[in-house]
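Position 1 is the first residue of the sequence, and the numbers go up from there. One-based numbering, in listed order, for ligands and for the atoms of each. Here the structure is a predicted model, which is why all the values come from computation and not from measurement.
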Amino acid sequence: MMRILLVASSARGHAIADALMRSPQQPEIIAVTPARNPGIGALASSHTVLPLHDTEAIVHIAQDAAVDFAIIGPEDPLANGLADALQKRGIPSVAPLQSGARIESSKRFARDLMAKYDIGASPLYRTFTDANPDIIRHYIQHDLHGEYVVKFDALKGGKGVKVGGEHLDTVEDGVRYACDCIRECGAVVVEEKLQGVEFSLISFVSGTQVVHSPAVQDHKRAFTGDTGPNTGGMGTYSMPDHSLPFLDPQDMQSAKAINEQVAHALLAETGVPYRGFLYGGFMAVRDGIRVIEYNSRLGDPEALNILPLLTSDFAAVCNAIVAEELTEQLVTFAPKATVCLYVTPKSYPTAMKEKGAPVTFPTPNADGRIFFGDISQDDAGVLRLGRSRTAGIVGIGDTLEAARYTALSLCKAVDGPVRFREDIGSRELTDARCRTMRDLRRSAIVVTDHAESGTRDPAAAASCDAETSSK
Ligand code: AMP
Ligand code: GLY
């Protein structure tokens with residue numbers, strides 16, 4: 001029997017366990033999580049709660065259970081070298097070694113790698129290692145014309161990136177934060193602030209073998225209409241054609257090509273094949289697409305959209321990733337739409353005062369999934385809220401509308417002091433994204449027409465609304 005170590009946390013870990021358990025091979029899951037997760041616990045044959053930085057203890061569990069391979073969900077253990085430690089004891093991982101995980105753990109490494117290997121999808125950027133305010137100010141004012149983003153050069157739980165005009169008001173605020181970053185971690189990346197629409201494309205990678213999953217759009221703002229503070233992600237959607245309404249075929253091709261080039265560059269640079277999930281965070285801009293960031297893992301919520309769509313055997317896919325036998329035929333996704341809505345405590349992400357309150361969930365039908373996040377189960381079997389996102393609720397359907405209807409119906413049937421964003425996957429929101437893209441690209445067409453070197457097809461740029469309605 002196949003035995004798999006799952007090092008995971010929250011709803012993404014539950015979605016991975018669920019995908020594994022749908023395998024006809026019925027693998028045994030040996031789970032290690034930082035807190036007890038009732039979803040993972042119900043599927044795993046053993047479940048140990050450990051801090052995920054306890055590399056030695058995790059390696060012992062893997063050895064004792066004689067696992068075939070490990071799947072590592074979150075970024076911190078990857079940056080700490082958990083995959084390296086397991087490999088030293090002969091256990092391969094569906095996750096990169098520390099050297100490959102730098103694509104996420106160092107913003108500087110990611111940008112420099114793309115520059116070195118001529119992957120021309122970065123905004124204008126520069127790395128500073130000297131906390132000299134005059135030089136940084138000059139770069140922001142003169143090279144970036146005051147439109148800047150400052151990136152801490154190490155993992156910081158999603159809090160290391162500050163965008164001028166959003167998190168930082170003035171150029172001086174940016175300079176100060178950049179100097180703080182240098183003092184704290186030795187380096188900072190300062191880059192051009194891009195305008196456009198963000199999306200994620202996660203690829204399954206084994207060395208130079210790269211297979212793409214459906215593109216997904218995340219919604220980080222806490223409240224309806226993309227307002228309020230940023231969160232870990234309030235929800236996501238994907239489309240039956242595995243593209244997104246505001247992208248044209250050329251954008252999808254570019255995003256796929258960039259992930260492929262980055263996988264090749266990682267092999268050339270580190271000397272070892274990258275094995276695992278490569279998450280490209282992209283922005284569609286006026287003249288194509290750009291890379292915002294890379295992650296060395298499955299996204300959360302993105303994994304909750306992608307994994308339920310997998311029609312092939314996920315355990316076999318993981319096996320092929322570690323064996324470097326990955327093929328497109330092995331990884332197939334249903335041509336369906338998904339909408340994932342995160343249910344959170346009512347006062348999330350600020351007060352989280354509902355911690356400990358009981359919550360109950362409806363039973364999903366075949367088109368729905370519920371993946372548990374920050375939730376605990378007491379001795380009487382009662383589920384209780386934590387402080388963070390409670391559960392990712394996914395609807396799957398032939399159309400985006402059908403998927404959203406299922407997700408919304410399930411969310412509305414959750415009983416407890418919780419909330420969720422009702423607008424994710426709505427026609428109103430996807431049309432707004434399309435309008436943004438069309439307006440940006442119309443202005444690009446005007447510019448290129450003047451230069452007599454049109455690079456985009458005006459019809460493609462203008463076809464967004466029609467596309468949304470037909471899907
Ligand atoms: P990251 O951790 O690099 O994904 O950055 C977090 C968020 O900051 C992204 O999801 C974007 O919304 C924003 N961001 C990062 N880099 C840029 C950029 N160059 N231009 C505009 N927004 C950015
Ligand atoms: N969805 C954003 C992330 O997983 O980092």
Atoms in ligand 1 flagged as close to Val149, the criterion being non-hydrogen separation under 4.0 Å:
16 (N), 17 (C), 18 (C), 19 (N), 20 (N)
Report, in ascending order of atom number, the atoms of ligand 2 lying under 4.0 Å from any heavy atom of Gly299.
4 (O)
Counting from 1, what ligand 1 atoms have a heavy atom of Lys220 closer than 4.0 Å?
10 (O)
Nearest protein heavy atom with distance in Å, relative to atom 14 (N) of ligand 1
Ile292 CG2, 3.9 Å
When you measure from atom 22 (N) of ligand 1 to each heavy atom in Glu293, Met283, Lys159, which option holds the nearest one?
Met283
Heavy-atom contact under 4.0 Å between Arg12 and ligand 2?
no
Near Glu192, which atoms of ligand 1 are under 4.0 Å from a heavy atom of that residue?
18 (C), 19 (N), 20 (N)
For the pair Glu354 and Lys346, find out whether any cationic side-chain nitrogen is under 4.0 Å from an anionic carboxylate oxygen.
no
Nearest-neighbour protein heavy atom for atom 1 (N) of ligand 2, which is reported as residue plus atom name and distance
Glu302 OE1, 2.7 Å
Heavy-atom proximity to atom 7 (C) of ligand 1, picking from Asp218, Asn295, Val161, points to Val161
Would you call Glu191 and Arg126 a salt bridge, using N to O less than 4.0 angstrom?
no
Hey, is Gln195 one of the residues with a heavy atom under 4.0 angstrom from ligand 1?
no
Would you call Arg221 and Asp423 a salt bridge, taking side-chain N to carboxylate O under 4.0 Å as the test?
no
Closest to atom 2 (C) of ligand 2 among protein heavy atoms sits Tyr279 OH, 3.3 Å
Please confirm whether Glu293 comes within less than 3.5 Å of ligand 2 when only nitrogen or oxygen atoms on both sides are compared.
no
Do Ile119 and Ile258 have side chains that get closer than 4.5 Å, going by heavy atoms?
yes
Measure the distance from atom 20 (N) of ligand 1 to every protein heavy atom, then report the residue, atom name and distance (to 0.1 Å) of the closest one.
Leu194 N, 2.8 Å
Less than 6.0 angstrom from the centroid, inside 45 degrees of the normal: does Lys162 satisfy that with respect to the ring of Tyr177?
yes
Would you call the rings of Phe277 and Phe314 parallel, tilted or perpendicular if under 30° counts as parallel and over 60° as perpendicular?
parallel
Per the side-chain contact (heavy atoms from CB on, under 4.5 Å) rule, which among Arg111, Lys107, Met114 passes with Tyr125?
Arg111
Got Val163 and Leu168 here, is their nearest side-chain heavy-atom distance under 4.5 Å?
no
Within the supplied structure, the quantity of interest is the number of heavy atoms (other residues, nucleotides, ligands) at a distance under 6.0 Å from Gln141 CD; does it exceed 12?
yes
Under 4.0 Å from a heavy atom of Lys151: give me the atoms of ligand 1 that qualify, with their elements.
3 (O), 15 (C), 16 (N)
Give me the residue, atom name and distance of the protein heavy atom closest to atom 13 (C) of ligand 1.
Val163 CG2, 3.8 Å
For Glu191, atoms of ligand 1 separated by under 4.0 Å from a heavy atom:
16 (N), 17 (C), 18 (C), 19 (N)
Can you classify the ring geometry of Tyr237 versus His219 as parallel (below 30°), tilted (30 to 60°) or perpendicular (above 60°)?
tilted
Between Arg22 and Asp18, is the closest basic N to carboxylate O distance under 4.0 Å?
yes
Decide if atom CD of Glu166 counts as having more than 12 heavy atoms of other residues, nucleotides or ligands within a radius under 6.0 Å.
yes
What is the closest protein heavy atom to atom 11 (C) of ligand 1, and at what distance does it sit?
Glu198 OE2, 3.2 Å
For ligand 2, which atoms, with element, lie under 4.0 Å from some heavy atom of Asn295?
5 (O)
Quick note on ligand 1: atoms under 4.0 Å from a heavy atom of Lys107 include exactly 1 (P), 2 (O), 3 (O)
Heavy-atom nearest neighbour in the protein, as seen from atom 5 (O) of ligand 2, with distance rounded to 0.1 Å:
Arg297 NH2, 2.9 Å
Does a side-chain heavy-atom distance below 4.5 Å link Asp112 with Tyr117?
no
Residue part near ligand 1, for Arg290, under 4.0 Å between non-hydrogen atoms:
neither
